[in-house]
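Single-structure report; data block below.
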Amino acid sequence: MRVKLGQIAHARSGDKGDASNVGLIAQTPELYPVIREQVTAERVKEHFREVCRGPVQRYELPNLLALNFILHDSLGGGGTESLKNDAQGKTHAQGLLQMEVEVPAGLVEAGG
Amino acid sequence: MLIFGASMKTIRIGNGQGFWGDNVDAPVELLRGGPIDYIGMDYLAEVTLSIMMRQKLKNPKLGYATDFIGFIRRVLPELKERNVRILTNAGGLNPRACRNRIFELARDLGVQGLRVGVVEGDDLLPRLKDLIAAGHPLKNMDTGEPLAPIVDRVMSANAYLGAKPVVEALRQGAHVVLCGRITDTALALAPMIHEFGWGEGDWNLLAAGTIAGHIIECGAQCTGGNFSRFWEVPDLWNAGYPIVEAREDGAFVVTKHEGTGGMVTVDTVGEQLVYEMGDPTAYITPDVTADFTSIRLRQEGKDRVEVSGVEGRPNTPSLKVSASYLAGYKASGQITLSGPRAVEKAKLAAEIVWKRLERAGVTFAPEDREEELLGTGACLPGIFQAPDELPEVVLRLGVKDPESAKVERFGKEIAPLVTAGPPGVTGFAGGRPKPQEIVAYWPALLAREEVESRIQVTVEEA
């Protein structure tokens, strides 16, 4: 079944210069392969196409059931130089949790 | 106080302030709410030191985080009695002035025997031109450009120090240690090195202490604040600020005082671990290079998460430098548009502002102006779809430019929208937006020995 990431994972974002980072964590070990296979750097770039002007990098932290995304050139100059309301990418995690993924039905129940 | 477990020494290190502007009651609650040995407090964002530079130039008795004095005034009489030591970067650009102010307070409050440590050596501003002349280009880590062309616009330049000078201040018996620029993680690591006698090559232990510092450095962000599933967090209003129970073998437990709100779970700690993360295998500090892919988390009990298995590698030959420089001016203003066709009215209002500015001969490059319709999904365009009809929307406009006068002219075009714009305009308060200096951030690297050879630690008693 198709669900939003917010139903099977949680996330936090912040800034690193003009890039934002979004850490995404699967809610159970069974759900980690789901996000690892489906939430690719390419899909994240497409999801944030109106926010992120640069490339997206992805790192894996299987020990924390986590993926870390760096969204380059996403903050309008970053920090004090940005004119954006969200100059620090604080909302980007909430944005990623809107992405949809395909999950076996049993796992969604297990993951809440 | 010290708690002795089955056999191993344990110390309790808390964070009472994640940034300048954080909850002012949090460190007091942390101090009084239960057993704790050390409290770390962070006051310096990336460009805070440039503001302090201005203050110090105007008044040589300023240039530190004055909020910290408010905290000290509240708790000074009980600090020694509770045997809690405070570690902070509140010293900013003028830790000696901060110490003098604390000693004045101690006299006023009749507190005797208070030892205050001062760590200096991070401030590179007076040495910048000499460093460049000596062959240190201080290249911008993001762009690769050398610092020399803008050196006259630099407002502050500070190296990030590590735990070593704080350990020295603790060894000399300081109850309060005042630093300037220092890593947040060093404020948590230093007590562990001091209490457990960890050595310079104990990379796994130093990495463990560093990761403990990373978890607690943003205050309540590991105890339920900013947590994705906020509806699961009990009494967030009263969130306990974090405490690390550190053991000498490097394993530690993240927890909070009993009876406080918030929660400490594998999920709340995990979210904070990935906060502001780059390459997880190389979290570089002056003390160690920590590997976040080695961390093991385990729910050990209610509001208790055990962190173990941390691995580290040797520290790097360079230290990070955080400089700030003047990069022009900016201003932003907003109005609220209410009633039918709110979004259409907001777009018209924005168009009016840009056209009137153009008529006055004031134009901005597209990348130097911002137009956001808050309420329509402006923070996350392309991700959230706003409904066609909204009852109200906030129009937020901003510009930046090297010329202050152009930015000031922009600020005069918001208020006229109330009478010479579409109907239903309100929420214009606070007067015309004034040009603010853009203090831009310049991260660089510098050879470690250039900094470490000049670090000074002094501890004096009131």
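Please read all numbers here as calculations on a predicted model, not as lab measurements. The sequence lines fix the lettering, A, B, ..., with proteins before strands; numbering per chain opens at 1.
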- Identify the heavy atoms of B/Ala440 and A/Glu81 that sit nearest to each other, and give their distance. CB-OE2, 3.5 Å
- Heavy-atom distance under 4.5 Å to chain B: side chain of A/Ser82, backbone, both or neither? backbone
- Backbone of B/Arg296 reached by a side-chain donor or acceptor of A/Asn63 within 3.5 Å: no
- So, the side chain of A/Arg12 versus the backbone of B/Asn226: is there a donor-acceptor pair under 3.5 Å, distance only? yes
- Task: Output yes when a side-chain donor or acceptor of A/Thr80 lies under 3.5 Å from a complementary backbone atom of B/Ile438, and no otherwise.
- Result: no
- Query: Can you name the closest pair of heavy atoms from B/Met277 and A/Lys16 and give their distance?
  - Reply: O-CD, 3.6 Å
- Message: If I measure from the heavy atoms of chain A, does B/Phe384 come under 4.5 Å with its side chain, its backbone, both, or neither?
- Response: side chain
- Spacing of CD belonging to B/Glu370 relative to NZ belonging to A/Lys84, to within rounding of 0.5 Å: 5.0 Å
- Task: Look at atom NZ of A/Lys90 and say whether more than 12 heavy atoms of other residues, nucleotides or ligands are closer to it than 6.0 Å.
- Result: yes
- Closest non-hydrogen atom pair between B/Ile295 and A/Leu64, with its separation: O-CD2, 4.2 Å
- Query: Is a donor on one side and an acceptor on the other found under 3.5 Å between the side chain of B/Asp142 and the backbone of A/Gly17?
  - Reply: no
- Backbone of B/Glu276 reached by a side-chain donor or acceptor of A/Asn21 within 3.5 Å: yes
- Message: Is A/Glu60 in contact with chain B via its backbone, its side chain, both, or neither, using a 4.5 Å heavy-atom distance?
- Response: backbone
- Scored by heavy-atom pairs under 4.5 Å with chain A, the best of B/Ser228, B/Gly377, B/Ala45 is B/Ser228
- In terms of heavy-atom contacts, B/Ile383 and A/Gln98 come closest through CG2-CB, 3.9 Å
- Between B/Thr281 and chain A, which part of the residue has a heavy atom less than 4.5 Å away: side chain, backbone, both or neither? neither
- Message: Using modelled atom types and a 3.5 Å cut-off, is there a donor and acceptor pairing between side-chain atoms of A/Asp86 and backbone atoms of B/Ala378?
- Response: no
- Query: Tell me, side chain or backbone of A/Ala93 under 4.5 Å from chain B's heavy atoms, or both, or neither?
  - Reply: neither
- Query: Of the backbone (N, CA, C, O) and the side chain (C-beta and beyond), which part of B/Gln334 lies under 4.5 Å from a heavy atom of chain A, both, or neither?
  - Reply: neither
- Message: Need one label for B/Asp368: side chain, backbone, both or neither, based on atoms under 4.5 Å from any heavy atom in chain A.
- Response: backbone
- Query: Do side-chain atoms of B/Thr293 reach the backbone of A/Leu61 as a donor and acceptor pair under 3.5 angstrom?
  - Reply: no
- Note on the structure: To the nearest 0.5 Å, atom OH of B/Tyr441 lies from atom CG of A/Asp15 at 9.5 Å
- Between the side chain of B/Lys330 and the main-chain N/O of A/Leu83, is any donor-acceptor distance below 3.5 Å? no
- Message: Looking at every heavy atom in both A/Thr91 and B/Cys379, which two are closest together, and how far apart are they?
- Response: OG1-CB, 3.7 Å
- Among the options B/Gly398, B/Gly328, B/Pro381, pick out the one with the most heavy-atom pairs lying under 4.5 Å from chain A. B/Pro381
- Message: Please determine whether the number of non-hydrogen atoms from other residues, nucleotides or ligands lying under 6.0 Å from atom CD of A/Glu102 exceeds 12.
- Response: yes
- Looking only at heavy atoms, which two atoms of B/Gly278 and A/Asn68 are closest? And how far apart? O-ND2, 2.8 Å
- For chain A, the option from B/Leu397, B/Leu374, B/Leu297 that forms the most heavy-atom pairs under 4.5 Å: B/Leu374
- Message: Using a 3.5 Å distance criterion without hydrogens, assess whether the side chain of B/Glu271 forms a donor-acceptor pair with backbone atoms of A/His10.
- Response: no
- Query: Side chain, backbone, both or neither: which part of B/Val399 has an atom under 4.5 Å from a heavy atom of chain A?
  - Reply: backbone
- Sort B/Gln272 into side chain, backbone, both or neither according to what part of it lies under 4.5 angstrom from a heavy atom of chain A. both
- In terms of heavy-atom proximity below 4.5 Å to chain B, should A/Leu97 be classed as side chain, backbone, both, or neither? side chain
- Considering only heavy atoms and a distance below 4.5 Å, find which of B/Gln221, B/Arg369, B/Glu437, B/Met141 pairs most often with chain A. B/Gln221
